[in-house]
Amino acid sequence: MNMNATLIGQSITFFIFVWFCMKYIWPPIKAAMKERQEAIAEGLASAEKATADLADAEEHAAAELQRARDEAQQILEQARQRASAMVEEAKTTAREEGERLKESAQADIEQEVNRAREALRGQVSALAVAGAERVLGESIDAGAHSALLDKLAAEL
Amino acid sequence: MAGEAATTQEYIEHHLQNLTYGQLPDGSWGFAHSAAEAGQMGFWSINVDSMVWSIGLGLLFCFIFGSVAKKATSGVPGGLQNFVESVVDFLDDIVASIFSHNNPLIAPLALTIFVWVFLMNLMDLVPIDWIPSLATAVGISHMKIVPTTDLNITMSMALSVFALILYYSIKCKGLGGFLGELAFHPFPKIAAPLNLVLEGVTLIAKPLSLGLRLFGNMYAGEMVFILIALMFSGGVFTVLSLGGGFLQFGWAVFHVLIITLQAFIFAVLTVVYLAQAHDTEEDH
């Protein structure tokens with residue numbers, strides 16, 4: 001075991017290999033690793049963002065759905081109210097119409113009654129005059145007794 | 001096994017000797033035939049097997065990681081890219097937790113050291129006779145396939161790291177700041193010589209501990225494998241060789257832990273030392 005020029009040869013070799021590694025091995029490998037690391041980090045970040053986006057969208061959709069449901073409920077409620085109001089209105093109108101018809105019918109009836117009464121009244125006075133003529137055997141001056149006849153007719 | 005005639009001592013020595021190329025005693029150049037001969041070659045000789053295996057394994061690292069880096073995609077990674085990325089990520093995390101300054105060299109340096117040292121250590125798990133026997137068959141006398149069991153290899157890496165420590169210390173703190181750090185800590189300025197001795201030892205201990213720790217662990221591990229392999233000399237189905245088989249398996253399993261740990265320690269300590277070199281705070 002003696003020291004010899006191998007020492008020099010090996011030192012030169014050593015520096016050549018180190019230089020080669022520094023120049024041609026280390027940088028490309030590190031660059032590739034770094035690039036991949038960045039790509040992975042990017043991928044993870046975008047995945048995370050996508051998850052967040054999805055959650056956002058889901059939340060949004062849920063809110064939208066809730067809003068639509070509320071709106072539908074509201075519309076339904078309005079429709080129901082309007083329907084009941086319409087029914088109520090129709091009822092009122094019908095009642096009023098009925099009332100009106102009844103009143104006009106009553107008025108007609110009353111009118112008929114009055115007319116009949118007037119007619120009767122006229123005929124009564126004629127009958128009364130005729131009856132009295134028959135009873136008295138003479139004609140009664142209608143003009144002279146008209147006041148009496150009217151009074152009689154009014155009593156009927 | 002190194003032949004029937006080989007004694008135990010020869011077998012061990014054969015396994016512990018590098019294929020050294022240098023000037024032979026007779027003045028010609030060639031491979032040393034023994035440890036003594038290799039020692040006589042002095043400094044200007046080279047351990048061809050260590051160099052070939054370490055460069056080969058370094059190229060393997062460059063090839064595997066480079067091929068991934070070339071077609072690295074930020075899309076879904078394939079199996080190999082996945083593996084490479086997990087190693088890169090592992091070291092990047094460690095470097096980020098230790099090294100707070102901005103220096104694009106540190107992380108690739110740690111990656112290179114970790115993977116390369118790991119691959120060199122991994123050769124320890126190849127059954128120790130396979131490749132040396134193969135080499136002998138083609139006429140190569142010695143073949144040590146684990147470069148990290150060669151002190152030259154571990155120390156040269158440790159010294160390279162040391163050079164980086166010195167370079168960045170001076171670059172970040174200035175020469176004066178660096179020397180001041182050595183001279184004025186941990187005691188007040190008046191005790192500068194004492195500080196210099198203490199800090200100098202601390203500084204020198206860094207490369208020594210780096211290189212010697214790795215070498216010691218791997219050399220000892222290799223030694224245990226060699227000793228276990230000696231048990232096989234008892235014959236094919238004897239108690240001794242069966243026991244050796246179990247021991248080799250057990251030690252290999254344990255060794256998987258050691259080689260990974262040693263590669264990791266070398267890389268992490270390098271980062272720690274360089275982080276200290278970058279620290280410009282006066283109080284630390």
Side-chain angles (χ1 to χ4, degrees), chain A residues 1-70, chain B residues 16-18 20-22 35 38-48 50-51 54-55 58-59 61-62 65-66 68-77 81 84-85 88-89 92 104-105 107-109 111-113 115-116 147 150-157 159-161 163-164 215 219:
Chain A
M1 195 55 53
N2 44 299
M3 305 303 286
N4 57 28
T6 312
L7 208 61
I8 299 171
Q10 175 72 0
S11 299
I12 296 169
T13 314
F14 177 81
F15 280 113
I16 290 174
F17 283 139
V18 169
W19 169 82
F20 183 86
C21 180
M22 189 170 101
K23 189 102 176 162
Y24 297 110
I25 295 177
W26 190 268
I29 293 178
K30 276 305 281 182
M33 286 167 72
K34 199 172 171 216
E35 211 172 295
R36 179 167 337 107
Q37 207 168 15
E38 274 162 10
I40 291 172
E42 226 165 78
L44 285 176
S46 66
E48 210 162 285
K49 193 173 165 291
T51 314
D53 282 356
L54 183 67
D56 266 9
E58 263 168 11
E59 205 172 295
H60 190 71
E64 204 68 4
L65 199 66
Q66 188 58 42
R67 213 163 60 80
R69 209 171 275 153
D70 285 354
Chain B
L16 291 182
Q17 200 200 324
N18 283 106
T20 312
Y21 184 85
Q40 282 165 9
M41 285 175 172
F43 185 76
W44 292 109
S45 58
I46 191 159
N47 294 340
V48 177
S50 293
M51 284 312 300
S54 75
I55 291 175
L59 287 176
F61 157 70
C62 287
F65 280 62
V68 167
K70 204 167 175 186
K71 37 184 199 213
T73 165
S74 60
V76 181
Q81 191 183 346
V84 166
E85 278 188 10
V88 168
D89 203 36
D92 198 36
L105 170 72
L109 176 72
L111 176 70
T112 310
I113 288 176
V115 180
W116 194 20
D150 182 351
L151 188 60
N152 287 298
I153 296 291
T154 62
M155 278 317 290
S156 63
M157 286 193 293
L159 289 174
S160 302
V161 171
L164 286 175
F215 167 72
Y219 190 80

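Per chain, numbering begins at 1; letters A, B, ... match sequence-line order. Hydrogens, waters and symmetry mates are skipped; everything else that's a heavy atom, side chains included, is used.
- The minimum heavy-atom distance linking A:A5 with B:W44 is given by the pair CB-CE3, 4.0 Å.
- Residue A:Y24 touches chain B through its backbone alone, counting heavy-atom pairs closer than 4.5 Å.
- Among pairs with a residue in residues 16-31 of chain A, those fulfilling salt bridge (charged side-chain N to carboxylate O under 4.0 Å, His left out) read A:K30-B:D92, at least two apart in sequence or across chains.
- Among residues 56-68 of chain A, no residue has any heavy atom closer than 4.5 Å to a heavy atom of chain B.
- Take A:F14 and apply the ring-ring contact (aromatic ring centres under 6.0 Å, His included) test, not counting sequence neighbours, and it matches no residue.
- Here the CE atom belonging to A:M3 is positioned 7.5 Å from the OG atom belonging to B:S156, to the nearest 0.5 angstrom.
- Here the side chain of A:T6 pairs a donor or acceptor atom with the backbone of B:N47 at under 3.5 angstrom.
- Distance check, rounded to the nearest 0.5 Å: CZ of A:F20 to CG of B:L59 gives 9.0 Å.
- To the nearest 0.5 Å, atoms SG (A:C21) and CZ (B:F61) are separated by 4.0 Å.
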Residues B:L109, A:F17; criterion side chain to side chain contact (heavy atoms under 4.5 Å, CB included); working and verdict: CA-CA 9 Å; B:L109 176 72; A:F17 283 139; over 6 Å; no
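- Looking only at heavy-atom pairs under 4.5 Å with chain A, the residue among B:S45, B:A72, B:G42 that has the most is B:S45.
- A distance of 4.0 Å separates CD1 of A:I8 from CZ of B:F43, quoted to the nearest 0.5 Å.
- Proximity to chain B (any heavy atom under 4.5 Å) is shown, for A:I16, by neither the backbone nor the side chain.
- Of all residues spanning residues 32-52 of chain A, those with a heavy atom less than 4.5 Å away from chain B's heavy atoms are A:A32, A:M33, A:E35, A:R36, arranged by number.
- Contact count against chain A (heavy-atom pairs under 4.5 Å) is highest for B:M51 among B:Q81, B:M51, B:Q17, B:M41.
- Remark: the A:Q10 side chain and the B:S54 side chain contain an N/O donor-acceptor pair separated by less than 3.5 Å.
- Inter-residue side-chain proximity for A:V18 and B:L105 is flagged as met; some heavy-atom pair is nearer than 4.5 Å.
- Note that CD1 of B:I46 and CG of A:L7 are 10.0 Å apart. Values are rounded to the nearest 0.5 Å.
- Atom-to-atom distance recorded for A:I29:CD1 and B:F65:CZ is 6.5 Å, nearest 0.5 angstrom.
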